[in-house]
Amino acid sequence: MDGIRETFAGMPWWVKWVAVPLLVLFVFGGVITSVLAALIGIVFKVLLFAALVGGLVFLVKKFSGRSSKSSSGEW
């Protein structure tokens, strides 16, 4: 670890803060994109599931409340 720090200590600032991050994006860009796409897909599916369950609960409460008010305490 000290060897890496010594190597970077002698480099100009633009190598540490511009060139190395660009190389990381170039080499690992596909992996980063795949991971981000998977995370966004999972979040979208979770939100869609929550919205569908919420809509289903709303519809069941709306329509079951009119048809049978006497059995509201039963499953």
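No experiment lies behind these values; they were computed from the predicted model shown.
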Treat each ILVMFWY residue as a node, draw an edge where side-chain heavy atoms are under 4.5 Å apart, and state whether Ile4 and Trp17 are in one component. yes
Please give the remaining members of the hydrophobic cluster of Leu47, linking ILVMFWY side chains under 4.5 Å, ordered by chain and number. Val43
Within one Ile-Leu-Val-Met-Phe-Trp-Tyr cluster: Leu22 and Trp13, side-chain cutoff 4.5 Å: yes
Closest heavy-atom pair, Lys16 versus Met11, reported as atoms and distance to 0.1 Å, is CE-O, 3.9 Å
From Phe44 CZ over to Phe49 CZ, what is the distance, rounded to the nearest 0.5 angstrom? 14.0 Å
All N/O donor-acceptor pairs, side-chain side in residues 23-42, below 3.5 Å, sequence neighbours left out:
{"unit_1": "Thr33", "atom_1": "OG1", "unit_2": "Gly29", "atom_2": "O", "d": "2.7"}
{"unit_1": "Ser34", "atom_1": "OG", "unit_2": "Gly30", "atom_2": "O", "d": "2.9"}

